[in-house]
Each structure stands twice: as structure tokens, then as C-alpha cells.
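Letters A, B, ... are given to chains in the order of the sequence lines, protein chains preceding strands, and every chain is numbered from 1.
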Protein chains: 2
Amino acid sequence: MKKVTIRDVARLAGCSIATVSRVLNQSGPSSLENKKRVLEAAETLNFEFNEVGRSLQRQSSKTLAVIIPTISNPVFADAVEGIQASAAESGYRILLGFANYDSEQELKSLETLMAHQIDGVVLTVSDVENSLAIERLEQDSVPYCLIFNQSRNPDSPAVCIDNALAAQNVGERLIKLGHKDIAFLAVQMTSSDRSRQRYSGLCEATRLSGIAKPDLVEVNYEPDNLEDSLSRLFIKRPDVSAIFASNDMLALASVRALRSLGKKIPEEVSIVGFDGIALTSLVHPTIATVFTPNREMGRRATALVIDAIKNNRKVTHQSVMLPFEFRSGQSLTFNQTNVPMHRLSPEHRPSSSLQMKSSQTKRADK
Amino acid sequence: MKKVTIRDVARLAGCSIATVSRVLNQSGPSSLENKKRVLEAAETLNFEFNEVGRSLQRQSSKTLAVIIPTISNPVFADAVEGIQASAAESGYRILLGFANYDSEQELKSLETLMAHQIDGVVLTVSDVENSLAIERLEQDSVPYCLIFNQSRNPDSPAVCIDNALAAQNVGERLIKLGHKDIAFLAVQMTSSDRSRQRYSGLCEATRLSGIAKPDLVEVNYEPDNLEDSLSRLFIKRPDVSAIFASNDMLALASVRALRSLGKKIPEEVSIVGFDGIALTSLVHPTIATVFTPNREMGRRATALVIDAIKNNRKVTHQSVMLPFEFRSGQSLTFNQTNVPMHRLSPEHRPSSSLQMKSSQTKRADK
DNA sequence: AAATCAAATGGAAACGTTTCCACGATTTGG
DNA sequence: CCAAATCGTGGAAACGTTTCCATTTGATTT
């Protein structure tokens with residue numbers, strides 16, 4: 001079946017293609033007579049604009065590129081949903097690229113997407129301080145906005161939460177519950193700035209209370225590897241009573257691994273995750289975690305990018321810090337040998353969901 | 001920064017744009033001298049083809065549309081990863097659309113994507129028997145392939161598993177373990193053909209063994225709703241000892257809901273899911289499920305579509321049935337009041353992972 | 001040395017659209 | 001009632017490619 005073009009519509013309506021374009025786009029004057037005929041012709045022919053022709057002429061495609069590490073972590077899936085929703089509202093489409101926590105792949109993804117005349121980019125990079133993709137975006141003055149990444153330096157525009165602060169809060173919370181030996185569990189430590197920021201936040205908390213520096217356990221997603229690593233951890237530091245996982249998926253997996261090692265959760269070991277994916281409250285035990293507004297991050301970043309596109313400029317270089325929230329869960333309790341439950345005030349009961357809003361939230365509206 | 005075009009390269013290399021195109025695409029003869037100069041010029045200018053111009057001329061975009069209900073169910077995320085990987089191998093990109101289990105949205109998504117000159121489509125529809133999107137694809141002769149959907153009728157091309165058969169197998173397995181009253185838990189029953197197929201497979205199993213027809217419990221993803229529904233179920237049928245959830249996410253959520261209702265898993269109630277998402281083996285209890293090759297489905301469907309594109313025809317109208325596999329888990333055990341554990345042979349221990357390959361697998365190569 | 005042939009090359013059209021510009025027709029103001 | 005302004009309209013260029021076709025060049029055969 002042959003594609004119907006603007007030319008076919010013009011022929012049927014008995015006018016020029018210029019007129020058809022003006023009528024259908026409402027981009028210029030036209031007589032009522034012509035308007036009616038064009039609309040009718042388009043209807044009967046079932047005409048749809050060819051976006052490729054349009055993009056070529058306009059030098060813009062009404063398409064946003066989205067680059068994330070992977071889609072199998074629900075954190076990113078959530079963000080993508082937010083991005084997609086927000087983009088759709090403004091008539092934009094999204095083109096997705098997966099970069100697998102790899103800076104080279106981020107660049108490569110970006111380049112192929114840029115060849116498609118994309119108008120803007122929403123992305124998460126592995127390391128914001130050292131990103132080929134960001135360099136390229138700056139160089140070409142493409143409107144973009146980071147999500148999840150927190151930019152320090154001359155700073156790229158980003159919508160994020162304060163990872164270090166959140167992690168520090170988690171640390172303080174654990175310490176208050178009596179934990180004196182905490183381990184930090186990370187995937188992608190070398191390739192994820194967020195893992196590092198979270199670790200340093202936790203370290204700050206231990207430093208301030210004068211307890212031992214958290215042990216850093218690096219793992220990958222292989223289940224066996226996780227169990228081995230944890231087993232080694234407990235040989236090295238038998239007194240570890242709390243594990244802070246750099247993300248929820250890892251926290252979830254740790255439950256299983258710790259159980260295999262014969263540890264009781266939370267009686268012997270507490271677990272806290274990060275990201276607040278829905279699953280954490282669906283499983284048993286429910287996982288204590290830092291809830292971050294993932295959908296909202298996507299939504300906000302997208303709005304900023306689209307706004308920049310419309311005003312024909314880059315996204316203003318300022319980070320938007322969103323509030324986070326600690327969510328307790330069954331995976332977390334006091335280190336019972338140190339702090340008997342009945343001595344604690346009710347607000348510290350792990351079953352109640354404690355709220356903790358980021359105090360450093362900058363206002364989004366500048 | 002101005003975009004560099006093939007014209008710039010031609011100017012620098014001192015030849016025509018036709019020659020540049022031929023060299024860079026290796027699509028025609030060229031002298032070594034010119035080849036060298038063009039390559040060099042492209043290199044120094046950092047030239048990249050503008051895919052929009054290319055698509056317009058070629059009348060094809062090297063892009064596949066992918067339409068799925070949602071990305072927040074890992075089943076689809078997995079499939080997308082497979083599609084993306086397979087597409088990338090052949091130099092194709094993917095454009096993603098979410099349709100939220102809604103036939104109208106499927107069509108709308110498809111239409112916007114088709115306006116982008118996509119070359120083919122991989123999709124999952126809510127109901128294959130009654131799909132506007134499929135109608136449209138057939139009408140416009142666009143190469144496409146379904147995944148997850150199982151087509152009965154004149155049959156659209158699809159890569160899937162035999163849902164009814166798998167569900168029947170689960171039913172038989174449950175019955176063999178002594179369960180006499182089974183409930184089927186479904187989301188999207190009205191809008192998902194797969195839920196219906198799975199339910200009917202289960203019914204077939206109960207029918208064959210002469211036990212009561214499974215109770216059908218329809219829920220949505222709201223946690224409260226799930227708990228309420230299950231609570232009503234047990235009032236109505238107190239003897240239900242096994243719950244078969246139409247997908248793993250639901251099975252996961254049921255664990256939590258059942259615990260809240262004071263049910264012990266699996267001592268009082270067994271749970272089986274469907275889809276085999278990674279999470280099922282990460283949580284406690286591990287969830288018994290039907291493992292389906294989600295990534296592989298995406299990969300295969302994509303390969304079929306790309307093959308069809310290359311040969312300038314539609315995908316051959318024949319379903320590819322992939323094998324599935326039952327994976328036992330801690331959520332599943334015998335109905336202890338009926339079948340004491342020690343009476344069972346070792347192979348029936350729920351901890352061992354039983355394998356069950358689909359016997360009806362059709363060969364892919366026709 | 002003339003004739004034949006193959007290889008290399010560039011001009012130009014085409015893909016589907018938007019938009020600038022110019023032109024004729026109509027309306028407005030003096 | 002004429003000049004000026006306004007409106008509606010269509011022709012044509014442009015966006016960046018690929019590819020057909022004709023032409024030029026150089027090599028090979030008679």
C-alpha cells in the first residue's frame with residue numbers, strides 16, 4: 001500500500017501543497033473554503049504527515065534521546081515511564097539507548113541517537129566527573145539534563161537527590177539503632193558515581209560518631225558471587241550487624257544470600273537498600289530503603305529539556321535537588337544485643353515508616 | 001556548532017557528494033586516491049551521516065518500533081533487552097511505545113511510530129483476537145511479529161510459549177502435590193489474552209482430575225485491593241491451598257498479602273507465578289514459577305522481522321513456540337494435611353528444580 | 001593508431017515537508 | 001475613486017541523502 005503524501009491531499013483538494021501544509025499545521029492564513037476541502041481530503045485519504053520529511057526540513061524531530069545504564073533495574077524503568085509521560089504531554093517521542101554503565105557505550109549511544117536529529121537528551125551517566133557523553137553534549141550545545149547523577153563541578157544540569165546526604169542519614173539512623181559495625185555493599189563501585197557518593201556519605205556518618213569505617217564489599221550480580229563475598233565479609237568482620245546496599249536490587253539479593261549463610265534478618269543482620277523501588281515493600285521481609293522520586297526525576301528533567309528546546313537554549317546549569325524519604329522495613333531493626341527493643345521510643349519502631357525530607361532541597365522554580 | 005554534512009566532506013576532499021556517498025557507504029567504485037582523501041576528510045571533519053536525510057531518501061529508517069504494555073513489569077523489560085540486542089546486531093535501532101494494556105493506545109502508539117518511517121514492528125498486544133494494531137499492520141503490510149501473544153486464528157506471526165499448556169502443567173503439578181482447591185489470581189483478565197489462556201489451561205487440569213473448578217480472583221496492583229480480594233476468597237473458599245498467579249509480580253505481591261492475612265507459606269498456602277523473572281529466585285520465599293525465555297522471545301521475533309525486511313516481505317505467518325520450564329521454589333509445597341512429605345519420592349521435593357520442557361514445541365526453521 | 005570497453009566521476013533528480021517570497025485579489029482609508 | 005494595506009495563494013528553494021545516468025578518463029584489444 002502506497003504512502004499518501006501531502007501532494008495527494010493537495011491534488012484532491014485542488015490546491016497547492018503549501019496551502020495544505022498551512023491548513024493542516026494551522027501555520028498560516030487560508031480561506032474557509034480551502035480549509036474545509038483540505039481537511040476533507042486529508043480525512044478521506046487518511047493522510048498522516050511523514051515525520052521524516054518534516055524533521056529534515058525543520059531540522060528538528062520532536063524526539064528526545066534517553067540514555068540509561070540498563071532497563072532491568074526498575075529504578076530506571078520508573079524514570080523512563082516518567083520521561084515518556086512528560087514527553088508525550090508536549091508531543092515529544094523518546095528514543096532509548098542502553099549504555100550498561102560504560103562511558104564508551106554512553107558516547108556511542110549518544111552519537112547514533114544524535115544522528116537522528118534528536119532535539120534533546122535525558123540521561124544517566126556512570127560517572128559525571130568524567131563523561132565523554134557530557135563533553136560531547138556541551139560541545140555541540142545540545143539541550144540535556146542528567147537524572148540520578150549529581151553534578152558537582154562547573155555542573156551540568158541535573159535532577160537528582162543528594163546521595164551523600166541520604167546515605168549519611170541512613171548511617172546515622174543505623175548507628176542510633178545501635179549498629180557499630182556496618183558494611184557497604186556495592187555493584188559497579190568503579191563505574192557508578194552514585195555508589196561512591198553513597199559510600200562516602202555513610203563513611204561521614206561513622207566518622208562523626210567515631211565508629212569503625214564501614215567495610216566496602218564489591219560484588220557483581222551473580223548470586224554465587226554475592227554469597228561468597230558476604231561469607232568472606234563475615235569471616236573478616238564477624239560483628240557486622242548491618243548491611244547498607246548501594247541499591248535495592250542488591251539489597252533484595254542480599255536477603256537471599258544472607259539466609260543461605262544462616263543469618264537471621266533482621267535479628268542478626270539488618271539490611272537497608274537505596275532507591276525505593278516498589279518491590280521493596282512487596283517482598284518479605286520488606287526492605288528498608290531510601291525512597292527517591294524516580295518517576296518525578298524523569299518527569300522534571302524532561303520538562304526542563306523541553307522548555308530549553310522551546311526557548312532555543314541549553315538547560316540552565318543548575319541542579320534540582322529533589323527530596324528523598326527514608327522508608328523503614330522488616331529488614332531493619334536494632335542490633336538486639338546492644339539496644340533492647342523496649343528501651344526505644346515508639347517513633348523508632350522499625351514498622352513505622354519514618355519520614356525524612358531532604359533539608360537541602362533547592363527550589364526548582366528559579 | 002554547525003552540523004557537518006556530506007557536502008562539507010566533498011568540498012574538503014575535492015570531489016562530488018556522489019563520490020563521498022559511494023566511498024563512505026562502499027556502494028560503488030572509486031579510485032584509491034579519492035577513497036583516501038574522502039576518508040581523511042570525513043575523519044578530520046568528524047562527519048556523521050544525518051540519518052534523517054538518509055531515511056527520507058531510502059524510504060526506510062533502519063528503525064524498529066516496539067510496543068509493549070508497560071516497562072515496569074520486568075518481563076517486558078527483559079524482552080526489550082533481547083530486542084535491543086538483536087536489533088543492534090543488524091544495525092537497527094528501536095523506538096519504544098507503551099500501550100498500558102489498552103487496544104486504542106496500541107493503535108495510537110503504532111500510528112505515531114509508523115509516521116517515523118519505521119521498517120518493522122515487534123509488539124505485544126492485550127488481545128490478539130481483537131487488535132486494532134494488528135489490523136492496521138496487516139492492512140499496511142508492515143513486517144511485524146508478536147511476542148508473548150499466542151495467535152490462534154488465521155494467525156499473525158508470533159514468538160511465544162503455549163500459555164494454556166504451561167498453565168495446565170502447573171495445575172497438574174499442584175494436583176499431584178495434593179492440592180484440591182486452587183485459586184487463580186489475575187490482573188487484567190479482561191484485557192490480557194494471556195491471563196485468559198492461562199486460566200483456561202488451569203481449568204483443563206482440574207477438569208481432567210475431577211476436582212473443583214478454580215476460583216477466579218481478579219485484582220489490580222493496589223496492595224490493599226489484593227489483600228481484600230484474598231481475604232474474601234478465603235471466606236468464600238476456606239480450603240484453598242494453592243494460588244496460581246497469572247504473573248510473577250502478582251505472585252510476589254501475594255506473598256505479602258497472604259502473610260498479612262496470617263497465612264503461612266507454603267505450609268498453609270502454596271503460590272505459583274508465571275514468567276520466570278529473575279526476582280522470583282532472589283526473594284524469600286523463592287517463588288515457584290513457569291520460566292519463559294523472555295529475552296529469547298524478543299531476540300527471535302526481532303530476527304524474524306529483520307529477516308523479513310531484508311527480503312522485502314512480511315514475516316511468514318507461523319508461530320514459533322518456545323519451550324518453557326517449571327521452576328519450583330520455596331513458595332510451593334504439598335498440601336501437608338493431605339500428603340505428608342515423607343511419603344513422597346525425592347524427586348518431588350519442592351526444593352529441587354523440576355524441569356518440564358514443552359513437548360509441543362514447533363520448530364522455528366520452517 | 002583506431003576502436004572498444006571498463007572504471008571512475010559528477011550532475012541532477014528524488015524522497016516529503018516547511019516556509020520565504022511574490023503576485024493577484026480584495027478591502028480599507030483618505 | 002485611487003493609493004495603500006491586507007489577505008490568500010502557489011511557485012520554488014531548502015533540508016541531507018542516495019542513485020540513475022551520462023560523461024570523461026584510461027587501459028586493452030584489434
Legend entry - Selection from C:dT17, C:dC15, D:dT18 that lies nearest to any side-chain heavy atom of B:Gln59: C:dC15
Inset, instruction - In whole angstrom, give the distance that lies between atom CG of A:Leu45 and atom P of C:dG16. - result: 14 Å
Legend entry - Which nucleotide in D:dT18, C:dT18, D:dG10 has an atom nearest any side-chain atom of A:Ser16: D:dG10
Inset, instruction - Would you classify A:Gln117 as touching base, sugar-phosphate or nothing, given that sugar-phosphate means primed atoms plus P, OP1 and OP2, and contacts are heavy atoms under 4.0 Å? - result: nothing
Inset, instruction - Give, ordered by number, those residues of residues 18-35 of chain B having at least one heavy-atom distance below 4.0 Å to an atom of DNA chain D; if nothing qualifies, reply none. - result: B:Ala18, B:Ser21, B:Arg22, B:Asn25
Inset, instruction - Mind calculating the distance between CG (B:Asn50) and C1' (C:dC15) to the nearest angstrom? - result: 13 Å
Inset, instruction - Check the distance between C:dG11's C1' and B:Ile17's CD1 and give it to me in whole angstrom. - result: 9 Å
Inset, instruction - Would you please name every residue forming a ring-ring contact (aromatic ring centres under 6.0 Å, His included) with A:Tyr92, sequence neighbours left out? - result: none
Legend entry - Electrostatic pair B:Lys108:B:Glu111 at N-O distance under 4.0 angstrom: no
Legend entry - A:Lys310 bridged to A:Asp307 by N-O distance under 4.0 Å: no
Legend entry - Qualifying residues under side-chain hydrogen bond (donor to acceptor under 3.5 Å, both in side chains), relative to A:Ser103, sequence neighbours excluded: none
Inset, instruction - Name all residues meeting the side-chain hydrogen bond (donor to acceptor under 3.5 Å, both in side chains) criterion together with B:Gln150; count only those two or more places apart in sequence or in a different chain, and write none if there are none. - result: B:Asp162, B:Asn163
Inset, instruction - Could you check how far CZ of B:Arg11 sits from P of C:dG10, rounded to whole Å? - result: 14 Å
Legend entry - Side-chain ion pair, A:Glu51 and A:Lys62, N-O less than 4.0 Å: no
Inset, instruction - Look only at the side chain of A:Thr302 and the backbone of A:Arg300, and say whether a donor-acceptor pair between them is shorter than 3.5 Å. - result: no
Legend entry - B:Phe49 CZ to D:dT19 P, straight-line distance once rounded to whole Å: 11 Å
Legend entry - By salt bridge (charged side-chain N to carboxylate O under 4.0 Å, His left out) - contacts of A:Lys314 (at least two apart): A:Glu138
Inset, instruction - Let me know the distance between CG of A:Leu56 and C1' of C:dT19, rounded to the nearest Å. - result: 14 Å
Inset, instruction - Round to the nearest Å and state the distance from A:Arg54 atom CZ to C:dT19 atom P. - result: 10 Å
Legend entry - Watson-Crick or G-U pairs under 3.5 Å in DNA chain D, rendered as dot-bracket with [ ] for crossing pairs and | for another strand: ||||||||||||||||||||||||||||||
Legend entry - Protein-nucleotide distance (A:Arg7, atom CZ; C:dC15, atom P), rounded to Å: 8 Å
Inset, instruction - Decide whether A:Arg299 and A:Asn294 meet the rule of one side-chain donor and one side-chain acceptor closer than 3.5 Å. - result: no
